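Predicted model only: the values in this text are computed from it and were never measured. Lettering of chains follows the sequences in order, A, B, ..., and the numbering in each one begins at 1.
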There are 2 protein chains.
Amino acid sequence: MPRTTIADVAKVAGVSKATVSRVLNGNYEYMKPRTRIRVEEAIDKLGYRPSNVARSLTSNRTSTVAILVSDVGNPFYADVIHGVEDEAFKKNYDVFLCNTNYDLNRGLAFIRSLIDKRVEGVMIMSSRMSDLWLAELNRNNVPAVVLDWEVKAMGADVSTIGVNYAIGIQAAVDHFIALGHQRFIHVSGPLHLQTARDRRDAFWSALARHGIPVESVPVIEGDLQIEGGRQAIKTIAKLSPQPTAVFAANDLTAMGIIAGARAQGIEVPRDLSVVGLDNIWLAEQADPPLTTVNLPRYEIGQLAIQMLFDLLDSSSERPSTPVRREVTTSLVVRQSTAAAPQ
Amino acid sequence: MPRTTIADVAKVAGVSKATVSRVLNGNYEYMKPRTRIRVEEAIDKLGYRPSNVARSLTSNRTSTVAILVSDVGNPFYADVIHGVEDEAFKKNYDVFLCNTNYDLNRGLAFIRSLIDKRVEGVMIMSSRMSDLWLAELNRNNVPAVVLDWEVKAMGADVSTIGVNYAIGIQAAVDHFIALGHQRFIHVSGPLHLQTARDRRDAFWSALARHGIPVESVPVIEGDLQIEGGRQAIKTIAKLSPQPTAVFAANDLTAMGIIAGARAQGIEVPRDLSVVGLDNIWLAEQADPPLTTVNLPRYEIGQLAIQMLFDLLDSSSERPSTPVRREVTTSLVVRQSTAAAPQ
DNA sequence: TTGAAAGCGCTAACAT
DNA sequence: ATGTTAGCGCTTTCAA
């Protein structure tokens with residue numbers, strides 16, 4: 001049998017559809033209290049739930065947004081999504097989750113589908129993405145917020161979020177220096193990734209501020225996984241003179257370094273200080289607990305959807321106010337760093 | 001300016017809306033090729049995208065489903081969601097992700113919102129849930145698939161997925177026995193959780209099959225975290241006689257046990273064999289790589305949405321065919337288990 | 001204070 | 001081979 005509609009409610013309550021619609025939308029200003037009550041009773045009795053698809057058709061609002069990520073499995077995204085979700089829930093929005101699986105075409109297919117479903121806005125956090133996506137959204141007047149992407153201005157409603165690695169990494173280097181370290185090394189991510197280069201460069205700049213020549217700081221390219229750290233430490237162990245401080249591109253790499261070091265008889269932090277980046281939940285549980293540069297993932301999620309909502313608000317009136325914002329990183333000192341060995 | 005609609009396309013192509021609709025839906029059977037081309041050109045020219053909200057209104061189909069989880073951050077869900085997503089994408093469905101945050105009311109609010117948006121079906125994987133949710137869905141004829149929940153039959157379109165821990169855990173025990181182990185211990189999850197009790201009981205039963213008296217097998221209650229494992233091993237180390245084989249309720253616990261054991265001078269697997277459960281991605285990278293009972297998370301996701309699609313198909317015709325299916329666990333042997341010490 | 005009617009963008013009978 | 005028309009379930013003037 002068909003769902004119960006506003007007409008059914010109207011009939012049961014003995015009023016017109018318009019009146020039911022009014023109570024649905026809280027426009028009781030001129031309504032006789034009696035009427036309102038009759039309508040509400042009818043609604044309860046029938047267990048009526050208004051159809052948002054019909055509502056959307058007239059109102060042009062769907063209370064729906066979407067987030068595109070490369071891979072939900074990546075813990076980075078899990079926290080971001082959490083932040084998005086919480087904010088969305090407060091505003092009664094629902095969130096489509098789209099996994100691009102690092103596939104540009106798949107992402108575009110999602111974008112098209114989302115446009116067809118008339119989502120009000122999209123957050124793009126996929127590490128691989130394409131300007132085509134933004135062009136498509138733009139053509140359809142769907143605002144977007146993107147993470148870490150240089151947007152060629154196209155008159156689009158596109159706000160961006162940048163991550164300031166410099167601050168947290170500078171703090172890490174200051175911390176190293178304060179502990180008396182002088183010989184450094186970096187285990188990076190795959191250097192074809194922009195973020196890997198950003199992190200490395202930030203490390204170099206931070207060292208330069210302390211007068212440490214960049215040429216004296218070797219970089220070993222890792223894979224952002226534990227295994228990469230394990231491999232890296234083998235190379236490090238052969239270096240002479242031995243570095244006493246290593247900055248890893250992420251926490252997993254740092255954990256691999258620590259595990260591998262132990263296997264080589266190098267003890268962290270006694271013989272070697274290690275700093276990671278991310279502050280994943282595991283960092284705290286590691287042995288020793290990891291000193292690391294915190295990346296505020298949950299906040300990125302919150303910020304993203306808030307910026308999206310701003311775009312939605314403004315796009316109805318003013319031309320639009322795309323914006324660029326930065327989130328900042330910071331150092332979390334735990335026990336994988338200590339005074340430099342003599 | 002307003003979006004371009006089917007009427008705009010019709011005007012530009014010089015045909016009626018019906019004709020446009022036909023090409024949109026691929027009903028060209030009786031259509032003059034010329035006409036079709038004109039329409040397609042008009043669509044391209046205008047960059048027209050049909051509104052799925054309007055389509056949904058007539059078709060009563062939204063191509064949208066939802067998944068409720070307690071917490072996206074939990075890696076268990078990440079993989080499940082991945083499985084769901086991939087299948088959904090194939091069928092051109094979009095997926096609403098809802099984080100209940102272990103809050104029953106929040107979950108109910110989501111359910112209501114989803115009903116209003118006319119999602120075609122819902123997957124419930126929240127570890128805390130309520131029959132109210134199902135009742136609400138049922139009243140609105142929205143089919144559901146739930147994980148690990150005894151559904152009081154209510155004539156609803158509710159299929160369920162169960163996890164058969166027994167098989168994998170039995171394999172683990174068989175493996176222990178084959179390696180000559182005789183003294184066992186279990187580090188469980190919090191025993192107020194059903195799954196924690198299920199896993200413990202499965203372990204006991206498996207041992208019983210080998211004639212090992214359950215009374216001889218102590219259980220230490222952990223917290224499913226690394227720290228719980230670390231604590232547990234301290235207790236274990238004081239036991240006499242020392243157990244040689246420990247089954248942990250999950251991989252994190254197992255990793256904590258291994259880390260804690262090392263700190264006590266107990267070496268895994270030489271002195272102690274350890275088996276985890278979950279087969280999280282970290283298990284493989286652990287040191288030593290962890291022998292564990294695999295929980296097929298991705299497959300659970302795939303299965304869930306497939307079962308949901310089945311429900312959608314059948315609910316249009318036959319009364320409906322709710323179903324119960326089981327996924328099975330299996331042992332993955334790595335290097336945290338070895339022959340029992342003499 | 002409430003109702004009638006038109007319209008949101010599309011689909012599907014029914015005509016032609 | 002294509003057009004006309006009547007909804008789908010709701011909101012929103014405009015009247016009364």
Side-chain angles (χ1 to χ4, degrees), chain A residues 1-40 42-43 46-64 113 115-120 140-141, chain B residues 1-40 42-43 46-64 113 115-120 140-141:
Chain A
M1 79 224 134
R3 282 176 175 284
T4 103
T5 77
I6 199 173
D8 301 324
V9 177
K11 193 179 306 171
V12 169
V15 298
S16 73
K17 293 191 296 173
T19 301
V20 177
S21 175
R22 285 186 190 106
V23 350
L24 251 29
N25 295 285
N27 305 326
Y28 331 103
E29 313 180 41
Y30 304 103
M31 194 176 299
K32 210 183 288 179
R34 218 24 259 294
T35 315
R36 171 176 167 185
I37 292 178
R38 279 221 310 281
V39 172
E40 283 167 344
I43 289 177
L46 298 175
Y48 168 73
R49 307 247 77 209
S51 159
N52 262 325
V53 358
R55 286 179 137 178
S56 295
L57 190 57
T58 35
S59 66
N60 260 317
R61 304 198 43 231
T62 52
S63 299
T64 299
S113 175
I115 289 171
D116 294 352
K117 294 208 169 128
R118 299 297 188 259
V119 300
E120 297 182 23
N140 291 276
N141 302 310
Chain B
M1 80 221 134
R3 280 174 177 285
T4 104
T5 77
I6 199 172
D8 301 324
V9 177
K11 194 177 304 167
V12 169
V15 299
S16 73
K17 293 191 295 173
T19 300
V20 178
S21 175
R22 284 187 192 104
V23 352
L24 252 29
N25 294 286
N27 305 326
Y28 331 102
E29 314 181 41
Y30 305 105
M31 194 174 300
K32 210 183 290 179
R34 196 64 239 293
T35 315
R36 172 176 166 184
I37 292 178
R38 279 222 311 282
V39 171
E40 283 167 345
I43 290 177
L46 298 174
Y48 167 73
R49 304 248 78 211
S51 159
N52 261 325
V53 0
R55 288 179 136 178
S56 294
L57 191 57
T58 34
S59 66
N60 260 318
R61 305 200 41 232
T62 53
S63 300
T64 300
S113 175
I115 289 171
D116 293 354
K117 293 206 169 130
R118 300 299 188 256
V119 300
E120 296 182 24
N140 292 276
N141 302 309

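- Between Arg55(B) atom CZ and dG9(D) atom C1' the separation is 19 Å, expressed in whole Å.
- Heavy-atom distances under 4.0 Å link DNA chain C to Lys17(B), Ala18(B), Ser21(B), Arg22(B) of residues 13-23 of chain B, given in residue order.
- Distances shorter than 4.0 Å separate none of the side-chain N or O atoms of Ser56(B) from OP1 or OP2 on dC10(C).
- Note on Thr35(B): only backbone sugar-phosphate atoms sit closer than 4.0 angstrom, heavy atoms only; bases stay farther off.
- Atom P of nucleotide dC10(C) and atom CG of Asn27(B) are separated by 16 Å, given to the nearest angstrom.
- The CZ atom of Arg49(B) sits 7.0 Å away from the CG atom of Asn140(A) when rounded to the nearest 0.5 Å.
- In this structure, the NZ atom of Lys117(A) is 16 Å from the P atom of dC10(C), given to the nearest Å.
- Rounded to whole Å, the distance from CG on Asp116(A) to P on dC10(C) is 10 Å.
- As judged by a 4.0 angstrom heavy-atom cut-off over every strand, Tyr28(A) is placed among residues making no nucleic acid contact.
- For dG9(C), the OP1/OP2 oxygens have no side-chain nitrogen or oxygen of Arg3(B) closer than 4.0 Å.
- The residue among Ala54(B) and Pro33(B) whose nearest nucleotide of DNA chain D is located toward the 5' end is Pro33(B).
- When each of Lys32(A) and Thr5(B) is assigned the nucleotide of DNA chain C bearing its nearest heavy atom, the one mapping closer to the 5' terminus is Lys32(A).
- In this structure, Arg61(B) atom CZ and dG9(D) atom P are separated by 16 Å, rounded to whole Å.
- Candidate nucleotides dT11(D), dG9(C), dT1(C) were compared by shortest atom distance to the side chain of Tyr30(A), and dT1(C) ranks first.
- In this structure a side-chain-to-backbone donor-acceptor pair under 3.5 Å is present from Lys117(A) to Ser63(B).
- The interatomic distance linking Leu57(A) (CG) with dG7(D) (P) rounds to 17 Å, in whole Å.
- Between Arg34(A) atom CZ and dT2(C) atom P there is a gap of 11 Å when expressed in whole angstrom units.
- Residue Ile6(A) has its side chain nearest to dC10(D) when only dG9(C), dT1(C), dC10(D) are considered.
- Rounded to an integer number of Å, the gap from Asp8(A) CG to dC8(D) P is 11 Å.
- Dashed line: the shortest gap from a side-chain N or O of Asn60(B) to OP1 or OP2 of dC8(D) is not under 4.0 Å.
- Within 4.0 Å (heavy atoms only), Asn52(A) reaches no atom of the nucleic acid at all.
- Taking 4.5 Å as the limit, every side-chain heavy atom of Tyr28(B) sits out of range of all side-chain heavy atoms of Thr35(B).
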